[in-house]
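This report concerns only the one structure given below.
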Amino acid sequence: MLIDQLRHDFEELKMDSQDILADQDEINEDTRLQLELINQSLAELQAKGNSAQPQTKPQQQFLRAMSLEE
């Protein structure tokens, strides 16, 4: 009886850890995609060059890009 309970508990822990790892992979993929979008946005802003607007600092461009996603 005790061994059966331990086996059951072990299988539950194993499934939980697999779920956690799958969630972590999903988060990593989402983060990678967000970084790609940020890099693309920065490249587009740099390609525009000197337009009618004054040049902003990269930090300001990043914050502006992040606020557009919300």
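Scope of the values below: all heavy atoms of this structure, side chains included, with no hydrogens, waters or symmetry mates.
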Contacts of Asp9 meeting side chain to side chain donor-acceptor pair (under 3.5 Å) (sequence neighbours excluded), chain-then-number -> Gln5
side-chain contact (heavy atoms from CB on, under 4.5 Å) assessment of Gln40 paired with Leu37: CA-CA 5 Å; Gln40 180 181 356; Leu37 290 172; 4.1 Å; yes
So, using salt bridge (Lys or Arg N to Asp or Glu O under 4.0 Å) as the criterion, who are the partners of Glu29 when residues are at least two apart? Arg32
Residues 16-27, side-chain donor-acceptor partners within the protein, below 3.5 Å, at least two apart:
{"residue": "Ser17", "atom": "OG", "partner": "Leu13", "partner atom": "O", "Å": "3.3"}
{"residue": "Ser17", "atom": "OG", "partner": "Lys14", "partner atom": "O", "Å": "2.8"}

Report the residues that fulfil side chain to side chain donor-acceptor pair (under 3.5 Å) with Glu11, sequence neighbours left out, ordered by chain and then residue number. none
